[in-house]
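Accompanying notes for the structure given below.
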Amino acid sequence: MSVSASMLPTVTTLRDPLVKSLGKSAGDTFEKVLGLRTAGDLLRHYPRRYYTRGDLTPLDSLHEGDHVTVLAMVDLVSRIGPGPDVKYNHKPAKRGSQRLEVIVTDGPGKLQLVFFASVGLHARQLKQGSIGLFAGTVSSFRGRRQLVHPEYEMLPDTNDTPLMTAEIAEQFANELIAVYPASAKLSSWRISRAVDAVLDKLEAGEDPIPAEVREKYDLWPRELAIRAIHRPQDRAELAHARKRLKWDEAFTMQAALAQRRLAAAAMPSVPRPPVPDGLVAAFDRRLPFTLTEGQREVGEEIAHDLACAYPMNRLLQGEVGSGKTVVAVRAMLQVVDAGGQAALLAPTEVLAQQHYRSITALLGPLAQAGQLGGGDQATRVALLTGSTGVRARRSALTDAFTGDAGILIGTHALLEDRVRFADLGLAVIDEQHRFGVEQRDALRDKTLGSRPHVLVMTATPIPRTVAMTVFGDLEVSTLSELPAGRSPIASHVVPALERPRFLERAWQRIREEVESGRQAYVVCPRISSEPSGESGGEDADDLDAVFDGDADVEGGGQDASQDARRPPLAVLDVAPALAAGPLAGLRVGVMHGRLHPDEKDRVMTAFAAGQLDVLVSTTVIEVGVDVPNATTMVIMDAERFGVSQLHQLRGRVGRGAHAGLCLLVTEAPAESAARERLDAVAATGDGFQLSRLDLAQRREGDVLGSAQAGRRSSLKLLRLLVDEDLIASARVEATALVADDPQLASHPAVKDAIDDFLGDRKAEFLDKA
Ligand code: ADP
Ligand code: MG
């Protein structure tokens, strides 16, 4: 051992600050430019891709403006300008007097490099036939793509090494070259050198994944994997490394979620066991239909959860129209039977109002406590939204506070501070299909002391892994069957430009439906065509606004910005045009978020009562709206909506005995990506399949939402859709480990991994348990 090595016995651990291995200035640069603070941060800055020596980068695929790192061979070097070598001129060279032009190639493609300074130096390094990595921003000059003053790093020339055997040369030729996500301030090879420096002294410490688990799933030890992902000998090693490091992410995340579930289960909650002859039984007797098998089974799961002394945390997902509301009402009544209260939180004013109408109707006298005709067991149902009038609000608040109202229905107004419950036993959150976790946390805090049970409902079916990660602390129930007697919804794409006759036929179709006593929706992306500042313009009072904002992101947003098509169709233009034209003589109503809440209520009530034939609306009717007599929906500018959103929208028709029809009207050209999306929606009624399609088009961070996708230490390698099996296995193993050792006292490495994974979000994460 050399003297210097023994004098510097330093090792680097994953938690050591980078400055320790790189020195102050480089360490600071890494933190400033890439946000990497520790050795572990740097080692989790994984290569973006790997070049195989010998496989040059296809240069023809480069785009102007891209910051690229390419592997290419020097083909031609020309000095342009005076003198053989300015360096030996006694006069200093004038800037621009000489330049170096270098053509690099991948075989078929070419790229020009230009240097205006240090010409001699570059000329010596860039020898014809040698191979290197070149990094810069692609620009164009006289039709040629070029890099001006690129940074570069030449690979050692194998031919220069006389001792090299054919075998070694072969190995060398196959070596993978890691290329890192880089920036103009930190090139791929500077990162690469820093990684080398850290790897050199790395002692990764105890492996967080127990040996039995590694054996069972054929996982490499962590340190080996960390080394291999940065310096793989071949693709097989790389595959092993990636698999292992994906496991790290999945295992750590699932261990964190398992701890959170355990912590939640340790909170006290008041048990609300079923009462044999209570409101639930009376309600069941009043139901005009029999429950489906699924409704009964899920109902039993929930009934059991509610009877426990720790809080239920359950996600109920079901296809659009599968009858989740009835399940929720029965759960709420069980809690009321047991002497508690229940709250139902709806995402929009329209939906809250509808729930209030339909639930009071279903309950009949059971909801008329203290009124003439109200049953002995009867309770009271109150509605509270942002627009509830002063008197109604006062009485709703009082009824909640005194406990006279067993059920409170509302929008997020229910979350306001002044809303206090006598004894909130259950919070139901309807249609939380935007993958958020925030509201349920707010509702939970409504009762001091014990926690209410929580039921989250969503009609956007969530793939298994998303449920296991985003909603990882929830138990999941699924309603997969629709009530008997439903007819499937037929969906068709109507290409309005190519086939104008199809659109005429659509309006004709609505007339026919109305003639036979049915009703129809026409959905438009906008309220009004007048520029109003906010794009959707839905009222900010309830979450309609949030929903419409989302619509812009996933639907028309990207399409609209890409071309200069006409502005999206607006309810306030389309409704009068239809009433005066193709739908003349029919009773056409208008619905959107900017209407006064009383007007919304009036319009929905009139439509539900059959006093309107056609409702021209924005997406405020997207979720939950239930008018079984409505059979036809025409969606204008359908390409401006997201896949799941279209599926939700069309779920508004075909809810009764009559077949539903959904027409997706679009001007998007055949073969376009937008048309493919619409074709997919038309082709399948399976919400699960569509939500996968939807997810595949989003970035992982969007799926995970703010709570789970932190900036610094979130998922790097794991892909929720691709890695389903891996995540499922990791969940099983992590859950078992945490069940055995809840505080991870004998698994400090897992504890550390969780801390690193959660980073700054730790407090927030644990607080929500
Ligand atoms: P979603 O799951 O989309 O929220 P809803 O709860 O709004 O669906 O139910 C859709 C419709 O189906 C409602 O009109 C509801 O009354 C009705 N429904 C619910 N359960 C049944 C059933 N078992 N049989 C027949 N109709 C049902
Ligand atoms: Mg619903």
Side-chain angles (χ1 to χ4, degrees), residues 280 283-300 302 314-333 344-364 409-411 428-434 455-462 476-489 518-519 521 543 547 604 607-610 619-631 633 644-658 660 662 685-688 690-691:
V280 178
F283 177 76
D284 283 354
R285 281 195 298 274
R286 282 183 52 87
L287 269 183
F289 43 74
T290 47
L291 296 174
T292 64
E293 190 84 6
Q295 284 172 321
R296 221 188 331 269
E297 276 169 22
V298 171
E300 271 164 31
I302 294 173
R314 190 168 282 279
L315 171 70
L316 171 56
Q317 57 173 340
E319 194 48 273
V320 190
S322 57
K324 294 182 293 294
T325 315
V326 171
V327 174
V329 172
R330 294 178 77 243
M332 293 195 287
L333 291 176
L344 172 58
L345 182 72
T348 65
E349 176 113 35
V350 170
L351 187 51
Q353 287 170 343
Q354 175 192 281
H355 275 323
Y356 180 75
R357 279 193 304 268
S358 67
I359 289 173
T360 46
L362 277 173
L363 287 168
I409 298 173
T411 55
V428 180
I429 298 161
D430 192 21
E431 300 294 357
Q432 193 182 27
H433 67 298
R434 300 288 174 162
L455 178 66
V456 179
M457 306 201 288
T458 169
T460 297
I462 298 169
V476 179
S477 303
T478 304
L479 278 183
S480 41
E481 76 191 303
L482 297 181
R486 292 280 173 79
S487 348
I489 304 165
R518 313 288 161 253
Q519 292 160 281
Y521 298 99
L543 297 182
F547 277 57
M604 277 321 294
F607 188 66
T619 54
V620 289
I621 54 142
E622 174 185 350
V623 292
V625 166
D626 185 35
V627 178
N629 192 47
T631 49
M633 174 174 283
S644 292
Q645 205 175 16
L646 290 169
H647 186 59
Q648 283 286 327
L649 277 168
R650 78 176 155 188
R652 304 306 114 218
V653 296
R655 296 173 80 84
H658 307 285
C662 175
D686 180 346
F688 271 92
L690 291 173
S691 82

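Order of listing sets the numbers, starting from 1, for every ligand and every atom in it.
Taking only nitrogen or oxygen atoms, main chain and side chain alike, G323 reaches within less than 3.5 Å of ligand 1. In terms of polar-atom proximity, defined here as any N/O pair under 3.5 Å, P628 makes no such contact with ligand 1.
For the side chain to side chain contact (heavy atoms under 4.5 Å, CB included) with V327, the qualifying choice from T292, L291, L479 is L479, the only one to do so.
Within the 4.5 Å cutoff, side-chain heavy atoms of L344 are placed close to those of V428. Annotation: side chain of T631 is not in contact with side chain of Q519 (no heavy-atom distance under 4.5 Å).
Applying the 4.0 Å criterion to heavy atoms of V320 picks out, from ligand 1, the atoms 3 (O). Proximity to T292 (heavy-atom distance under 4.0 Å) selects the following atoms of ligand 1: 23 (N). Proximity to D626 (heavy-atom distance under 4.0 Å) selects the following atoms of ligand 1: 11 (C), 13 (C), 14 (O). Less than 4.0 angstrom separates some heavy atom of T290 from each of these atoms of ligand 1: 22 (C), 23 (N), 24 (N). Ligand-side atoms of ligand 1 in range of T325: 4 (O), 5 (P), 6 (O), 7 (O), range being under 4.0 angstrom from any heavy atom.
Residue contacts with ligand 1: D430 is excluded, as none of its non-hydrogen atoms falls under 4.0 Å. For S322, the heavy-atom gap to ligand 1 drops under 4.0 angstrom.
Contacts between L291 and ligand 1 below 4.0 angstrom, taking non-hydrogen atoms only, involve the backbone exclusively. Contacts of Q295 with ligand 1, taken as heavy-atom pairs under 4.0 Å, involve the side chain alone.
Between the CG atom in L690 and the CD atom in Q645 there is a gap of 13.0 Å [rounded to 0.5 Å]. Interatomic distance, OG1 of T411 versus NE2 of H355, reported as 12.0 Å (0.5 Å rounding).
The shortest heavy-atom contact between V320 and G651 is CG1-CA, 3.3 Å. Closest approach of E319 to D686, counting heavy atoms only: OE2-C, 3.9 Å.
By the side-chain hydrogen bond (donor to acceptor under 3.5 Å, both in side chains) test, R330 pairs with D284, sequence neighbours left out.
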